[in-house]
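Down below is the structure, laid out as structure tokens.
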There are 2 protein chains.
Amino acid sequence: MNTDTALAALAALSHPTRLEAFRLLVQHEPEGLSTGQLVDASGLSQSTFSTHLAVLAKAGLVKSEKRGRQFIQRAEIDALKGLMIFLAKDCCQGRAELCEPLLAELSCC
Amino acid sequence: MNTDTALAALAALSHPTRLEAFRLLVQHEPEGLSTGQLVDASGLSQSTFSTHLAVLAKAGLVKSEKRGRQFIQRAEIDALKGLMIFLAKDCCQGRAELCEPLLAELSCC
DNA sequence: AATACCTATCGGAAATATACGATGTGTACG
DNA sequence: CGTACACATCGTATATTTCCGATAGGTATT
């Protein structure tokens, strides 16, 4: 993950609607949710949510798969992993002492 | 870290200038850098950078400490850690199988 | 073929973010 | 005390984001 990709992912997740949608999709891995289900959950208009979804897709955080006449959306866990590694490397580049407590807390889950 | 705090951190880091400044500060832990040094590194005007710095500070990612007539800025590693745990919990909430490969790659650093 | 359904895109209005120079506030130095 | 310095804030112009309704483009159903 390069800087531009990380910036796109951070910007995509920095909006309440998109963060909530992404979290919802992660919770529903690996089955995914249809776009309509996500629209309903968001409470926004269909068109507005569609643009939000496009932002998540462009950032590589969500992939869609055609299923009959609807689209099933799925969270890209690898993209989240990439973003976290990008952030972690900020503090780990040759400074393991900064990262150790981070890894210790992460291993709780 | 609650959702609002995470959103503020994500938004703060989603701008090239602010992400770069934060990474610079992480690299200079624990000594920190003066605001002026950060302004110079950014290439932006002093006032513009000051507002960017305020965003990082409001998100809790940077703390400043008065040092003579200048301010020393320091990265809050704990805030980064909190954000990463917030993101990790999205995929770990009772789904350890999603998180294992993440932790495996993170332990590299 | 006609219709109903699901989602994307267009057009436009309102809100927010971003940038700068100018100015204000406080601190050290002579 | 006066001056130079370090940083924040104000005022303002521009760009971007966000939202909606309306419309377009496919896909299944009848």
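Naming: A, B, ... by sequence-line order, numbering from 1 per chain.
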(message) Using a heavy-atom cut-off of 4.0 Å across all strands, would you classify S47(B) as base, sugar-phosphate, or nothing?
(response)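 Base contact.
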(request) Answer with base, sugar-phosphate or nothing: what part of the nucleic acid does T35(B) contact at a heavy-atom distance below 4.0 Å? (result) sugar-phosphate
In whole Å, what is the span from the [atom1] atom of [X] to the [atom2] atom of [N]?
X	N	atom1	atom2	answer
K58(B)	dA17(C)	NZ	P	9 Å
Q46(A)	dG26(D)	CD	C1'	13 Å
L56(B)	dT18(C)	CG	P	11 Å
K66(B)	dA6(D)	NZ	C1'	10 Å
F49(B)	dT18(C)	CZ	P	13 Å
F71(B)	dT9(D)	CZ	C1'	13 Å
R18(B)	dA19(C)	CZ	P	8 Å
L38(A)	dC6(C)	CG	C1'	13 Å

(message) Both V55(A) and R69(A) contact DNA chain D. Taking the nearest nucleotide for each, which residue is further toward the 5' end?
(response) V55(A)
(message) Measuring from atom NE2 of H52(A) to atom CG of L19(A), what distance do you get when rounded to the nearest 0.5 angstrom?
(response)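 The NE2 atom of H52(A) sits 12.0 Å away from the CG atom of L19(A).
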Can you tell me if [X] touches the phosphate of [N], counting only side-chain N or O atoms and a distance under 4.0 Å to OP1 or OP2?
X	N	answer
H15(A)	dC19(D)	yes
T48(A)	dC19(D)	no
H52(B)	dA17(C)	no

(message) Please pick, from dA28(C), dA19(C), dC6(C), the nucleotide with the shortest atom-to-atom distance to any side-chain atom of L44(B).
(response)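 Closest of the options to the side chain of L44(B): dA19(C).
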(request) Looking only at side-chain atoms of L53(B), point me to the closest of dT27(D), dA8(D), dT7(C). (result) dA8(D)
(request) Compare every heavy atom of H28(A) with every heavy atom of L33(A), then report the nearest pair and how far apart it is. (result)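 Between these two residues, the closest heavy atoms are CD2-CD2, 3.7 Å.
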(message) Restricting to non-hydrogen atoms, name the atom on A79(A) and the atom on M1(A) that form the minimum distance, rounded to 0.1 Å.
(response) O-CE, 3.8 Å
(request) Please determine which of L56(A), L44(A), V62(A), L25(A) meets the side chain to side chain contact (heavy atoms under 4.5 Å, CB included) test together with L38(A). (result) L25(A)
(message) Here's a test of your reading of the structure: between Q70(A) and T51(A), which maps to the more 5' nucleotide of DNA chain C?
(response)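 Mapping each residue to its closest nucleotide by heavy atoms, the 5'-most match is Q70(A).
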(request) Would you kindly say whether T35(A) and Q70(A) are connected by a side-chain donor-acceptor distance under 3.5 Å? (result)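 Per modelled atom types, T35(A) and Q70(A) side chains form no pair under 3.5 Å.
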